[in-house]
Amino acid sequence: MSSTVEKVAEKYGYSPDQIQSQKFGTGHINSTYLLSVDGEDKKFILQSINQNVFKDPLIIAQNVRLVGEYLKKNYPEYLFVGSIPALSGEEMPLVDGVYWRMSRFIPNSVAYDTLSDPKQAFEAAEQFGRLSKLLSRFDPSLLRPSIPGFHDLNLRYDQFKEAHANAEEGLKLKASHQIETALSHSFIVDFFNSYKNSPDFPDRAMHHDTKISNMLFDKTTNEGLCVIDLDTLMAGKFISDLGDMMRTYVCAFSENEADMDKIFIRVEYFEAIINGYLKEMGSILTNTEKDLILFSGKYLIYMQALRFLTDYLNGNVYYPISYPEQNLVRTVNQFKLLSEFFSKEKILQSIVDKCLHS
Ligand code: ADP
Ligand code: GN1
Ligand code: MG
């Protein structure tokens with residue numbers, strides 16, 4: 001009997017004896033395979049879509065197709081990693097009850113989980129900024145939300161409050177300090193609300209998941225090649241992309257680090273993000289958006305802390321964990337990062353001002 005990957009490959013015209021497949025990458029959400037085809041100098045990435053997270057995967061296929069067509073027409077030289085349709089023409093064939101997609105494997109590419117040089121932060125911020133810039137005239141309302149309310153801080157705060165109200169007493173006790181911190185920082189939600197409907201803070205087509213493993217670098221030159229993981233490409237605010245870069249590039253250790261003494265901000269990485277991003281988006285952002293550059297870090301770090309805490313209180317139903325308290329550790333980690341961000345606020349704002357005026 002064929003394996004599911006073999007059945008999927010057949011949908012693209014490859015028989016089981018022609019292909020080799022192996023699990024690939026470190027993403028949290030989808031299952032990714034590298035597919036090699038005998039006698040062809042080509043490799044493919046095959047992914048099954050996590051339907052617990054993406055309730056209607058065909059929305060992703062439609063969004064990626066619309067954006068791909070727009071970029072091909074207007075910027076034909078841009079390297080956009082869209083889906084390859086199956087022989088039937090489907091962008092996401094359904095096999096054994098699961099949606100799959102194929103894309104071409106970008107040759108000589110590598111993705112990292114952490115950054116070891118500010119140049120990588122510059123390159124990644126430039127690449128994510130370039131995607132937003134090229135899409136700045138694309139109507140974001142054409143994109144359907146693949147996860148409704150994904151980066152809506154009000155919704156995330158409400159979800160936290162609901163999880164808190166319904167959580168087991170034991171969990172609430174263990175997380176009591178983090179719950180206090182979450183509540184005492186709700187001024188971040190209020191600040192966001194005071195801007196969210198401003199015409200100078202428009203919805204744009206945003207990537208929404210700008211962590212470093214979603215960027216491909218050239219293995220030889222280490223230059224940024226292209227962005228990947230377009231599952232959450234949808235309408236949102238620019239602070240989502242810039243803020244998630246701050247959240248995940250400025251610290252040498254990830255959200256999974258349990259030694260909180262290691263969680264501090266590398267100012268030179270922060271500066272590299274701002275310079276790389278403004279190189280592309282400096283001419284696009286409104287003055288209001290420029291005023292919110294520093295806020296983007298607070299917004300995203302706080303939202304991620306709320307999401308981890310909510311999942312902990314809900315009994316770990318969303319993020320994969322490798323030990324029971326992991327979502328609580330991630331919450332402590334993100335709140336430590338947030339407090340570092342606040343304590344370095346003056347210097348970070350002075351860097352933003354310097355970059356904006358250079
Ligand atoms: P997830 O949503 O689970 O994070 P991704 O789409 O980010 O899945 O893919 C997981 C990993 O697979 C990436 O971090 C990268 O290492 C690799 N990858 C994905 N697409 C490509 C591609 N087109 N070319 C080369 N590597 C890729
Ligand atoms: C998930 O797919 P991945 O691993 O790049 C999550 C992001 C979180 C991130 C935290 C669809 O990203 O929003 O910031 O984990 N993606 C989704 O590591 O929820
Ligand atoms: Mg990813």
Side-chain angles (χ1 to χ4, degrees), residues 21-36 42-55 57 59-60 64 68 79-84 92 99-114 124 128 145-153 155-156 159 206-219 224-234 236 240-241 243-249 251 253-257 299-311 317-322 326-327 329-331 333-334 337:
S21 67
Q22 62 188 87
K23 274 281 229 177
F24 197 71
T26 58
H28 283 335
I29 300 294
N30 299 316
S31 293
T32 301
Y33 298 84
L34 176 64
L35 197 77
S36 312
K42 270 190 265 172
K43 288 182 173 161
F44 299 98
I45 290 286
L46 208 54
Q47 293 179 303
S48 67
I49 308 299
N50 182 333
Q51 278 157 245
N52 187 32
V53 171
F54 299 103
K55 307 288 182 211
I59 291 180
I60 302 174
V64 171
L79 178 52
F80 182 76
V81 190
S83 321
I84 302 172
M92 276 193 192
Y99 285 97
W100 289 78
R101 75 159 155 239
M102 186 186 254
S103 47
R104 70 191 173 102
F105 176 83
I106 302 300
N108 206 39
S109 67
V110 58
Y112 300 112
D113 283 323
T114 50
F128 283 115
S146 55
I147 303 177
F150 184 49
H151 276 193
D152 177 345
L153 189 56
L155 176 72
R156 295 304 184 182
Q159 288 173 335
M206 301 311 305
H207 183 282
H208 281 109
D209 195 358
T210 56
K211 59 193 218 189
I212 201 67
S213 56
N214 291 333
M215 252 295 302
L216 294 182
F217 289 88
D218 185 304
K219 250 186 194 163
L225 279 178
C226 60
V227 312
I228 53 168
D229 203 346
L230 303 164
D231 299 339
T232 50
L233 185 56
M234 54 184 155
S240 282
D241 282 12
D244 216 21
M245 289 189 243
M246 293 180 191
R247 183 182 80 79
T248 56
Y249 306 173
C251 182
F253 298 89
S254 79
E255 62 210 14
N256 292 313
E257 179 56 55
Y299 167 84
L300 242 294
I301 299 168
Y302 179 57
M303 182 161 61
Q304 192 62 59
L306 287 179
R307 289 178 69 192
F308 286 141
L309 181 55
T310 302
D311 200 30
V317 290
Y318 190 90
Y319 290 107
I321 50 166
S322 42
Q326 190 165 15
N327 273 320
V329 168
R330 288 167 173 158
T331 310
N333 171 309
Q334 296 292 282
L337 187 62

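Just follow the structure's listing: the first ligand is 1, and inside any ligand the first atom is 1.
- When only non-hydrogen protein atoms are considered, atom 1 (P) of ligand 1 lies nearest to Asp229 OD2, 3.4 Å.
- Of all the heavy atoms of Ile45, the ones lying under 4.0 Å from any atom of ligand 1 belong exclusively to the side chain.
- Per-residue contacts place Asn214 under 4.0 angstrom from the following atoms of ligand 2 (heavy atoms of the residue considered): 5 (O).
- Closest protein heavy atom to atom 24 (N) of ligand 1: Ile106 N, 3.1 Å.
- The nearest heavy-atom contact from the protein to atom 2 (O) of ligand 2 is Ile29 CG1, 2.9 Å.
- Looking only at protein heavy atoms, the nearest one to atom 4 (O) of ligand 2 is Lys211 NZ, 3.0 Å.
- Checked by distance only, ligand 2 and Asp209 come closer than 3.5 Å through their nitrogen or oxygen atoms.
- Under a 4.0 Å heavy-atom criterion, Ile147 is in contact with ligand 2.
- Ring geometry, His151 versus His208: the interplanar angle exceeds 60°, so the pair is classed perpendicular (tilted spans 30 to 60°).
- Of all the heavy atoms of Asn30, none lies under 4.0 Å from any atom of ligand 2, so neither backbone nor side chain is involved.
- When distances to the Mg ion (ligand 3) are checked against a cut-off of 2.8 Å, Asp229 contributes an N, O or S atom below that limit.
- For ligand 2, the atoms lying closer than 4.0 Å to a non-hydrogen atom of Asp229 are 2 (O), 5 (O).
- Taking every non-hydrogen atom of Arg247 and a distance limit under 4.0 Å, the qualifying atoms of ligand 2 come out as 10 (C), 14 (O).
- Note on Asn30: not counted as a metal contact of the Mg ion (ligand 3), no N/O/S atom lying under 2.8 Å.
- The protein atom (non-hydrogen) at minimum distance from atom 8 (C) of ligand 2 is Gln304 OE1, 3.5 Å.
- Using a 4.0 Å cut-off between heavy atoms, Asp209 makes no contact with ligand 1 at all.
- Distances from atom 26 (N) of ligand 1 to the heavy atoms of Phe105, Tyr33, Phe54, Phe44 show the closest one on Phe105.
- The salt bridge (Lys or Arg N to Asp or Glu O under 4.0 Å) test with Glu255 is passed by exactly one of Arg330, Arg307, Arg247: Arg247.
- Ligand 1 has no nitrogen or oxygen under 3.5 angstrom from a nitrogen or oxygen of Ile228.
- Of the heavy atoms in Gln47, only side-chain atoms (C-beta onward) come closer than 4.0 Å to ligand 1.
- Nearest to atom 17 (C) of ligand 2 by heavy atom, out of Phe308, Tyr318, Phe54, is Tyr318.
- Checked by atom type, the side-chain pair Asn333/Asn256 shows no donor-acceptor distance below 3.5 Å.
- In terms of protein heavy-atom proximity, atom 11 (C) of ligand 1 is closest to Gly25 CA, 3.9 Å.
- Nearest to atom 18 (O) of ligand 2 by heavy-atom distance, out of Glu255, Met303, Gln334, Arg307, is Glu255.
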